[in-house]
Each structure stands twice: as C-alpha cells, then as structure tokens.
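Structure record follows, encoded as structure tokens.
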Amino acid sequence: MSSSQTDNVRNIGIMAHIDAGKTTTTERILYYSGRVHRLGDVDHGTAAMDWMPQEKERGITIQSAATTCLWKSHQINIIDTPGHVDFTAEVERSLRVLDGAVAVFCAVGGVEPQSETVWHQADKYNVPRIAFVNKMDRQGADYPHVLDMMRDMLGAKPLSVMLPIGSGNGFRGIIDVIGGNAVYFDEVSNGSKFTLEDIPEENMDDYTAARDILWESAAMLDESAMDEYFKGTLSPERVRLLLRKGTIEGGFVPVLCGAALRNIGIQQLMDAIVDWLPSPSELPPVSAHLKDGSSMEVRRSVDDPFSALVFKVQCDPHLGRLAFMRVYSGSIADGQHVLNNTTEKKDRLTRLVRMHANKRTHLDRVVAGDIAAAGLKDVSTGDTLTFPGTPMILESIQFPDPVIQMAIEPMSTSDEKAMDDALASLASEDPSFRVGIDEESGQILIKGMGELHLEIIASRIQREKGVKVRTGKPQVSYRESISCAAEGRGEFKKSIQGRGHFGNAVLSVEPSDSGIELVNLMKDKEFPDHFAEAVKRGIMGSVGAGPLAGYPVDGIRIELREAEIHETDSSETGYAYAGAMALRECLRNGKPVLKEPVMRLDIICPSDYVGEVIGDVNARRGNVLSMEPMGEVQSLKARGPLAELFGYSSALRSLTQGRAGFSMQFHDYARIAENITRRLLEQMGITGFS
C-alpha cells in the first residue's frame, strides 16, 4: 500500500451489547463486499467471525476477530468485538488501535449496559463513531426511543441519516434522508438488490423533520455552508462532505437503521463507513514518550520511521505465537528486525500475515495504517515496536483487575507442566486473565472478569491444549481497607554483613474512595528523596496483603509525616523496612475492614414476575435502584455483591420460567457489614475479628 492509498483505508470496529447483532452485521458486510460467498448464521454456528468452538456453541463472540474487505475501492479493516462484559478487555485493546467504530444498538433494548461501557471506552480514545439501530423487524422496536437513550445515557448527539419504514412485523424498508427516497430490499437476492422509490406519504412528516435537522447540523460546521443553507442552495453532496467533518471531529453521530438478519440496510451502512469514518491519515498524530520522560508526536505517515503497537497476542496452532499490531508510521517488510522498546529486546518479524478470523493471507510488507499479525517471540500486549535507534514508547493499554477467582488443577499429576504451560500461554493472550498461587493451600488460582470468563479459560485448556483439568468453586477477590484514620511508626535497626542499617518513619492513613494515594509531607524538609523513595517502596511492597485475611489493600490515603536521619547508618534498606513496618501498624490501628466487589445488574423481566425477581435480589444482599416499563416487560437496574450472584443465571430462569434475561458488570468495591465479615473470616479459619 502506497502513501496515497492510505486515504482509501478504514480501520473500524463493530461494537455493542451482547445479542445486538454485531457479528450478524459483520457477516453481511463480508457477504455484500464479496469477502465470503454465503451468509453465515450465529445461531447455527456458521458465522465466519465466530471461529472458536466455544463461540459456535454459545452463539456469542469471545475473542475479537480481524478481517478485511473491499467496498467501492476502499479497504475496510474490521475488528468484530465481543459484547459480553466478561470479555470487555478485547474491546478495550481493539478501540485503542482503531480509527473509527460502528456502534450497533438493538431497536428494542436500545442503549444496554455493555453498549454504554464500550461507548465510554470509545470516548476515552476519541474514536469517531456512526450508529446502526439493528433489529427493526423485532416486536417492540422503537427507533425514536433509541435516539433518546443515546442522548440521555451516552451524552451523544445522534443525527438520523436513515429512517425506518414501519417497525416489527411491519418493517419493510428504510428512508435515505440525504438522498430523499425510500429504499426497499429484494429478499430473493438476500438483499443484494434494492430499489429506490418515493417516500410513503405517512412517513413524509418524519422525513421532513429529520432532513431539516440534518441540513442545519451540517451547515453549522462551515460559514459558507450556512449561507447556502439560508439561501436554500445547500446540496446533498455538500451535506455528505460536512457530515464527514462533523463525525471525525466528534460533533455528532450519524445514525442508520435496518435489520441485519433480514439483509436490510447493510449496504447503506457500508457506504457510511466509507463516507464518514476517517482514514488513518486524517487523524492527528499519536503521542509517544522517550526514555528521558519527554514526549513526542508520531505522524501517521508512510514516510516517517516505522512504529507499531502490539494490541493482541494469539497462539496460532499453525503459525505459533502471533502478535497483532497496528502500524502507525513508516513501513516494514517480512523478515526485518525490530526493537521492542518496552523490553529493549530485538526480534525478527516473521510470518507477516493479514487475518480473516482464523485464516491468513501472507504479506510481504505493511505500512502506516495497516493492521496485521506477525510471528514475534517475546512481545506482550501494549509493547511498542520500532527499528533500532528509535527509542520511543507509544501510549499503552490499561486493563481492569480481575474480580473473581477459582482453583484449578490437572486431572493427572503427569499433566502439571502441560497445564502450567497452557495457563502461561492463555495469560499472555488475555491481559485480564491472571494466574496466582494460594499461599496457604498451594493451589493454583485462575483469576478473571466473571464466571463465563473462567469457564471459557478452563474449556480452552482442555480443548486447545489437550489437558484435562478440574476446577473448584469460584471465589471472590476481596479487598481490605480501614474504617478510621490512624498513625503508625516503624523503626529498623540492624547490622547486615557488618554494616549498620537504620530507618525510621511515621505514617498516617485515612480511608479514601479508591486506590492507594501516597503523599510525602517530608518533601520540603531535610529528608533526602532517595530515602523517601525507599519508604515508598516498603509501603507499596506491603499493600498486597492486608492484616485481616491477606487480601490486597485498597482505598487508603497514606502520608509520610516524620522521618529521622542517623548520622552513619541511614540506608535505603532501613527506610524500606521502616515504611513497611509503619504501614502494618497503621492498618492494624485503623480498624481494618473487608470490601467486596459489587456488580451492576440489568434485568429484563416480564411484568408478572417482577415481585419474585425483586425479592430474590434483596435476598442476595442486593437492592433494586430503578424500574422502567419497556412494552410488556420491565427493565430493572440493581446492584448486588458478586459473592451472592454465582449461579444467578439459572436462578433467574427458574424464577421466571426462562422468560427473563440479565447482564452483569463490575461496579465498585463496597465495605462488608461486620457480621458478614466475621462469618467470612471464620470460614477462612481466621478468628479474633472485632
């Protein structure tokens, strides 16, 4: 790809809540572009993008999958992302490297919980978006309500460029607001052919209102366009160009509609991707920093030195360890050597390929704007690749900490090493999956974002790695904190290998909202910075295990208030020990408490069963925050502790005869009541809590 051709590239992601129709939409895009020659079906496990056995069986996307297609002389690189909250890390890393996104909303559910999550993830990376309101053929579809939810819940400015003709069983086509005509799709050709007709009389008022808003919004982006608007001469072609400008700048979100399963509205969505989402060269430079802490900007140009960000690592059964990378500048050929600036190690780029789900096409070279994969031995998600002599590091990717864990062991002792290798391989692929060891029992613990996440991990170990394993009951990842302010002193005096080591520190702690905040009140006093850093190291080395049950400490503010200097024996070792000792005393004096992960529940429930569902939530130490009617069902928003929500899916089905559904995602850590804390500690064999 030459420099001029990057203008015809679109790097996009398809994102949404689970079951909104992301993968079905992607399948139709691939079909109409000629990338695949038959329509895949998620429910029957024939979708090209859901290639994992677990995805085919469950009908959900688990791993983000990359593919490429051509539409109107434009190369569209697509990443189809998961919609389940347990796999939100896949969305995070995809949005980090994409130039634009298509947000798919269900016409019935509207802005659902994971829709909101991925939208804000896109906000974080300033990703331009267009929206596609899918499933207009479902009973209860409400296009205006989805637009209202986008305004109210996402803070977006939706701009209708397509309108539905009918809804539910009566949905039969769409209105192109810019083109000023109705579009009807031919079922015999699977929607490949469509006809343009006059807008039905009963839809004229909606069309006129949408057109007025569209023309005015576009005109406000340019002074000369505003003059044309007032004169009545602003053309549809000029509006299309102005919509591109407004979308890329984030001023508004063009909204289209259709029904992917019935093959309605997809070609118009593909046109919108080409027309309104940016090419790599249209976006501002990316920021990077150098080893000395200074920052720099990297132009998205083929003519600049090579730089790329590794955003995903995958162990391919045929090609081995593959690193998915987004090339931001320059170019590189297969077989060339690169420098991993994060680890400062050199590596050789081998097996350079472009992916289509789990299939591959060999590439000789990649350039700025490309998304590709290559064999690299020693890389991790978030690493920066350049040529030697370009020591810069691109902004990495942050992932949430796990909230659930369970024990795992091989069925046979002879499989211990194979299981360890499998866990290490999966942990390198998935940054939200961690492996640890229970210090008391010696058991291996796997940690993740939810029950489904860990269930899939265990399944992959058995299927992909051929290791039979057994798992224990999932356990909650608790945190420890304090309930009141406290002080503590630590003093270390010891001779080590004939040299005296001294350290003395006084700390104060108080509860805070989240995280660990450390403040050095000795900064302007006669206390050397390297000793203060040593105290900090001692403190941070001790926050991994609290005084109650050894869980990580969270939600405290720590102040270094006093420190003494010894004339001859002051040492960094001494102050590190003193900091650790002072913190332990602070935590003991601060009336330590346990905190547990609290989940946000979004439940869709038939009205007949609302009482039973609310009663069950309350019985699980949860509470219902709001209830909103949605046609014949009720939408309940609730919160509840993760410890009480294991197996909730089965319980909810049993309560409602299988008619209710829910989604769950992490909300925050909350303090546990004393009586429950006492019971939990007793179950762990810990007594003496008061």
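Predicted, not measured: the structure shown is a model, and the values here were computed from it.
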Notebook entry, point to check: Under 3.5 Å, is there a donor-acceptor pair between the side chain of Thr67 and the main chain of Ile78?
Noted result: no

Next item on the list: Give the intermediate values and the outcome of side chain to side chain contact (heavy atoms under 4.5 Å, CB included) for residues Leu376 and Leu322.
Entry: CA-CA 6 Å; Leu376 289 166; Leu322 280 179; over 6 Å; no

Note to self: Can you give me the closest heavy-atom contact between Pro597 and Ser477, atom names plus distance?
What the structure shows: CD-O, 3.7 Å

Next item on the list: Report yes if the side chains of Leu445 and Val435 come closer than 4.5 Å at any heavy-atom pair, otherwise no.
Entry: no

Margin query: Checking side-chain contact (heavy atoms from CB on, under 4.5 Å) between Ser307 and each of Val286, Ile332, Thr386, which is the one that passes?
Written below: Thr386

Checklist line | pair Ile404-Phe646: side-chain heavy atoms closer than 4.5 Å | finding: yes

Notebook entry, point to check: How about Val298 and Ser329: do any of their side-chain heavy atoms sit closer than 4.5 Å?
Noted result: yes

Margin query: Distance to the ring centre below 6.0 angstrom and angle to the axis at most 45 degrees; does that hold for Arg326 and Phe324?
Written below: no

Check: Should the pair Phe387 and Phe306 be assigned to parallel (<30°), tilted (30 to 60°) or perpendicular (>60°) ring geometry?
Finding: tilted

Notebook entry, point to check: In Å, rounded to the nearest 0.5 Å, how long is the span from CG of Asn126 to CG of Leu283?
Noted result: 10.0 Å

Margin query: Could you go through Phe433 and Phe399, starting from their C-alpha distance and side-chain angles, then the distance that decides it, and tell me whether this counts as side chain to side chain contact (heavy atoms under 4.5 Å, CB included)?
Written below: CA-CA 10 Å; Phe433 169 62; Phe399 297 100; over 6 Å; no

Check: Are Lys346 and Pro388 side-chain neighbours, meaning at least one heavy-atom pair lies under 4.5 Å?
Finding: yes

Note to self: Whether the side chain of Asp370 engages the backbone of Ala372 through a donor-acceptor N/O pair (distance < 3.5 Å, no angle test) should be reported.
What the structure shows: no

Margin query: A quick test of your reading: do over 12 heavy atoms of other residues, nucleotides or ligands sit less than 6.0 Å from NZ of Lys536?
Written below: no

Notebook entry, point to check: Between the main-chain N or O of Val9 and the side-chain N or O of Ser279, is there a donor-acceptor pair closer than 3.5 Å?
Noted result: no

Notebook entry, point to check: Closest approach of Ala422 and Lys465, non-hydrogen atoms and distance?
Noted result: CB-CG, 3.5 Å

Next item on the list: Give a yes or no answer on whether the side chain of Gln336 reaches the backbone of Ala333 with a donor-acceptor pair at less than 3.5 Å.
Entry: yes

Item checked: Shortest non-hydrogen contact from Ala122 toward Met15 -> CB-CE, 4.0 Å

Next item on the list: Using side-chain contact (heavy atoms from CB on, under 4.5 Å) as the criterion, point out the one residue from Leu95, Asp383, Ile371 that pairs with Phe311.
Entry: Ile371

Next item on the list: May I ask you to decide whether Arg93 forms a salt bridge with Asp430, counting only side-chain N to carboxylate O separations under 4.0 Å?
Entry: no

Item checked: side chain to side chain donor-acceptor pair (under 3.5 Å) assessment of Ser428 paired with Arg321 -> CA-CA 10 Å; Ser428 71; Arg321 188 179 172 86; 3.2 Å; yes

Checklist line | Electrostatic pair Glu429:Arg460 at N-O distance under 4.0 angstrom | finding: yes

Notebook entry, point to check: Charged N to carboxylate O under 4.0 angstrom, Arg537 versus Glu533?
Noted result: no

Next item on the list: Take Ser481 and Asp554 through the side chain to side chain donor-acceptor pair (under 3.5 Å) test and state the conclusion after the steps.
Entry: CA-CA 6 Å; Ser481 190; Asp554 181 52; over 6 Å; no

Checklist line | Heavy-atom side-chain proximity of Leu645 to Leu601 below 4.5 angstrom | finding: yes

Note to self: Between Ser115 and Ala16 (side chain of the first, backbone of the second, donor and acceptor by atom type, cut-off under 3.5 Å), is there such a pair?
What the structure shows: no

Margin query: For the CZ atom of Arg129 and the CG atom of Leu98, what is their distance to the nearest 0.5 Å?
Written below: 12.0 Å

Notebook entry, point to check: Does Gln398 CD have over 12 foreign heavy atoms under 6.0 Å away?
Noted result: no

Next item on the list: Quick one: pull up CG in Leu352 and CG in Asp364 and give me the separation to the nearest 0.5 Å.
Entry: 8.0 Å

Note to self: Using a 3.5 Å distance criterion without hydrogens, assess whether the side chain of Asp347 forms a donor-acceptor pair with backbone atoms of Lys377.
What the structure shows: yes

Check: Can you name the closest pair of heavy atoms from Glu344 and Leu339 and give their distance?
Finding: C-CD1, 3.9 Å

Margin query: For the CD1 atom of Ile397 and the CZ atom of Arg96, what is their distance to the nearest 0.5 Å?
Written below: 6.0 Å

Check: How about Ile76 and Ile12: do any of their side-chain heavy atoms sit closer than 4.5 Å?
Finding: yes

Check: Leu349 versus Met325: any side-chain heavy-atom pair under 4.5 Å?
Finding: yes

Checklist line | Arg434 side chain vs Ala427 backbone, donor-acceptor pair below 3.5 Å | finding: no

Next item on the list: Using a strict cut-off of less than 4.0 Å between a Lys/Arg side-chain nitrogen and an Asp/Glu carboxylate oxygen, indicate whether Arg479 and Glu596 qualify as a salt bridge.
Entry: no

Check: Just by modelled atom types, is the Val274 backbone N or O under 3.5 Å from a matching donor or acceptor in the Arg10 side chain?
Finding: yes

Notebook entry, point to check: Is there a side-chain contact between Leu583 and Val509, using heavy atoms and a 4.5 Å cut-off?
Noted result: yes

Checklist line | Verdict with reasoning, Ser331 to Arg365, per side chain to side chain donor-acceptor pair (under 3.5 Å) | finding: CA-CA 7 Å; Ser331 64; Arg365 174 178 291 274; 2.9 Å; yes

Check: What are the two closest non-hydrogen atoms of Gly579 and Ile539, and how far apart are they?
Finding: O-CG1, 3.8 Å

Margin query: I'd like to know whether Thr68 forms a side chain to side chain contact (heavy atoms under 4.5 Å, CB included) with Gln75, so could you lay out the CA-CA distance, the side-chain angles of the two residues, the decisive distance to 0.1 Å, and finally the verdict.
Written below: CA-CA 7 Å; Thr68 298; Gln75 176 181 312; 3.6 Å; yes

Note to self: Main chain of Tyr551, side chain of Glu480: is a donor-acceptor contact present, judged purely on distance under 3.5 Å?
What the structure shows: yes

Notebook entry, point to check: About how many Å separate NE2 of His289 and CE of Met296, when rounded to the nearest 0.5 Å?
Noted result: 11.5 Å

Notebook entry, point to check: In Å and rounded to the nearest 0.5 Å, what is the CZ to OG1 distance from Arg35 to Thr26?
Noted result: 13.5 Å

Item checked: Stepwise side chain to side chain contact (heavy atoms under 4.5 Å, CB included) check, Ser94 with Ile79 -> CA-CA 7 Å; Ser94 299; Ile79 297 182; 3.5 Å; yes

Next item on the list: Locate the shortest heavy-atom distance separating Asn341 from Ile393; write the atom from each residue and the value.
Entry: O-CD1, 3.8 Å

Notebook entry, point to check: If you measure only the distance, is there a donor-acceptor pair under 3.5 Å linking the side chains of His337 and Arg348?
Noted result: no

Margin query: For the backbone of Gly21 and the side chain of Thr25, can you confirm whether one donor and one acceptor N or O come within less than 3.5 Å of each other?
Written below: yes

Note to self: Between Lys124 and Glu92 (salt bridge meaning N to carboxylate O under 4.0 Å), is one present in this structure?
What the structure shows: yes

